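Only a predicted model underlies this, so the values are computations on that prediction, with no experimental measurement involved.
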Amino acid sequence: QMQLVESGGGLVQAGGSLRLSCAASGGTFSRYAMGWFRQAPGKEREFVAAINWIGDTTDYSDSLKDRFTIYRANARNTLYLHMDSLKPEDTAVYFCAASPLNRVVTNRRGYDYWGQGTQVTVSS
C-alpha cells in the first residue's frame with residue numbers, strides 16, 4: 001500500500017515560485033508512474049503533470065507546460081513539482097498520485113494512490 005505525503009505548499013505572490021514535494025513510502029517507488037493534479041474551490045480535480053517510472057518521459061497540461069516542471073528522485077522516493085511565474089489562478093490544493101502503469105498517465109482514473117494534498121495560494 002503506497003502512502004504519499006505532499007509538502008511545500010504555501011502563500012506566494014504572483015510571479016513567484018514554489019517547489020512541491022511528494023514523499024512516497026510503502027511501495028517500490030521506482031515501479032510507479034507519478035502525477036500531479038490540482039483542485040480549486042468549486043472545480044473538478046484537473047491534471048497538471050505526469051512522469052514515467054524512470055523519469056525520462058513527462059507530460060503536462062498544455063496551459064502549464066511552460067511554467068511547471070515535474071521530476072523525480074527514485075533514490076529518495078520523492079516526486080517534485082517546480083512551479084514558476086505563479087498566477088492567482090494557480091491557487092488550488094495540489095495532489096500527487098501513483099499509478100502502477102509503466103507509462104505516463106494523464107487520466108486521474110489511472111491512479112491507485114493519492115496524497116492528502118497541499119494548499120498553494122497565489123496572491124495578486
Side-chain angles (χ1 to χ4, degrees):
Q1 186 85 0
M2 177 78 82
Q3 289 90 44
L4 303 172
V5 179
E6 303 93 337
S7 62
L11 175 64
V12 63
Q13 288 189 331
S17 298
L18 277 177
R19 187 182 76 165
L20 305 183
S21 300
C22 173
S25 62
T28 304
F29 181 69
S30 60
R31 294 291 186 176
Y32 285 85
M34 300 295 296
W36 287 99
F37 291 75
R38 69 184 185 182
Q39 189 167 15
K43 296 188 177 181
E44 290 190 356
R45 193 168 298 189
E46 65 173 350
F47 170 71
V48 173
I51 191 167
N52 68 340
W53 283 14
I54 62 172
D56 64 347
T57 303
T58 58
D59 199 1
Y60 295 89
S61 169
D62 286 343
S63 62
L64 301 175
K65 61 184 178 181
D66 293 333
R67 299 187 293 117
F68 288 15
T69 303
I70 186 172
Y71 57 103
R72 63 192 296 165
N74 284 350
R76 297 183 178 182
N77 293 341
T78 304
L79 174 74
Y80 300 96
L81 182 70
H82 187 88
M83 306 183 291
D84 286 323
S85 303
L86 283 162
K87 305 175 181 180
E89 50 264 42
D90 294 320
T91 295
V93 178
Y94 284 72
F95 299 88
C96 67
S99 168
L101 300 175
N102 185 15
R103 58 175 173 84
V104 170
V105 181
T106 61
N107 190 319
R108 64 183 183 183
R109 287 175 288 184
Y111 288 89
D112 290 351
Y113 302 104
W114 293 82
Q116 294 299 305
T118 186
Q119 176 71 48
V120 172
T121 303
V122 184
S123 63
S124 57

Side-chain touch W114/R108, heavy atoms, less than 4.5 angstrom: yes

Look at the side-chain heavy atoms of Ile, Leu, Val, Met, Phe, Trp and Tyr, link any pair under 4.5 Å apart, and say whether V48 and V12 land in one connected group. yes

Are L4 and L18 co-members of a hydrophobic cluster defined by side-chain heavy atoms under 4.5 Å apart? yes

First locate atom OG1 of T57, then atom CD1 of I70, and finally report the distance between them rounded to the nearest 0.5 Å. 11.5 Å

Atom pair CG/CG of L64 and D84 - distance to nearest 0.5 Å: 12.0 Å

Looking at Q116, is its backbone amide N or carbonyl O close enough to the side chain of E6 to form a donor-acceptor pair, meaning the two atoms are under 3.5 Å apart? yes

Pair L79-F29, side-chain contact (heavy atoms from CB on, under 4.5 Å): steps then yes or no: CA-CA 9 Å; L79 174 74; F29 181 69; 4.2 Å; yes

Joint hydrophobic cluster, I51 plus F68, side-chain heavy atoms closer than 4.5 Å: yes

Is the side chain of T91 donor-acceptor paired with the backbone N or O of V122 at a distance under 3.5 Å, no angle test? yes

Hey, what do you get for CG (N52) to OG (S30), rounding to the nearest 0.5 Å? 11.5 Å

Sub-4.5 Å side-chain heavy-atom contact between Y71 and R19: yes

Nearest non-hydrogen partners of A50 and V104, listed with the distance: CB-CG1, 3.6 Å

For G9, does its backbone N or O pair with a side-chain atom of T118 as donor and acceptor, under 3.5 Å? yes

Output the distance between atom CZ (R72) and atom CG (D56), rounded to the nearest 0.5 Å. 10.0 Å

How about CD on E46, more than 12 heavy atoms from neighbouring residues, nucleotides or ligands closer than 6.0 Å, or not? yes

If the condition is salt bridge (charged side-chain N to carboxylate O under 4.0 Å, His left out), which residues does D90 pass it with, not counting sequence neighbours? R38, R67

For Y32 and M2, run side-chain contact (heavy atoms from CB on, under 4.5 Å): C-alpha distance rounded to whole Å, both residues' side-chain angles, the deciding distance at 0.1 Å, then the answer. CA-CA 10 Å; Y32 285 85; M2 177 78 82; 3.2 Å; yes

Without swapping roles, check the side chain of W53 against the backbone of L101 for a donor-acceptor pair under 3.5 Å. yes

With a 4.5 Å cut-off on side-chain heavy atoms, are P100 and D112 touching? yes

Hydrophobic clustering (ILVMFWY, side-chain heavy atoms < 4.5 Å, transitive) - are V105 and Y94 grouped together? no

Could you go through Y60 and T69, starting from their C-alpha distance and side-chain angles, then the distance that decides it, and tell me whether this counts as side-chain contact (heavy atoms from CB on, under 4.5 Å)? CA-CA 8 Å; Y60 295 89; T69 303; 3.8 Å; yes

Determine the minimum heavy-atom distance between S21 and T78, stating which atoms define it. CB-CG2, 4.3 Å

What distance separates Q13 CD from S124 OG, expressed to the nearest 0.5 Å? 9.5 Å

Parallel, tilted or perpendicular: rings of F37 and Y111 (30°, 60°): perpendicular

Heavy-atom pair with the smallest gap, counting every atom of W36 and L81: NE1-CB, 3.4 Å

Can you find a pair of side-chain heavy atoms, one from L11 and one from S123, that are under 4.5 Å apart? yes

Can you tell me if N77 uses its side chain to pair, donor with acceptor, with the backbone of T28 under 3.5 Å? no

For a quick test of reading the model, state the closest non-hydrogen atom pair linking G110 to S99 and the distance between them. O-OG, 2.8 Å

Could you measure the distance from the OH atom of Y80 to the SG atom of C22? Nearest 0.5 Å is fine. 10.5 Å

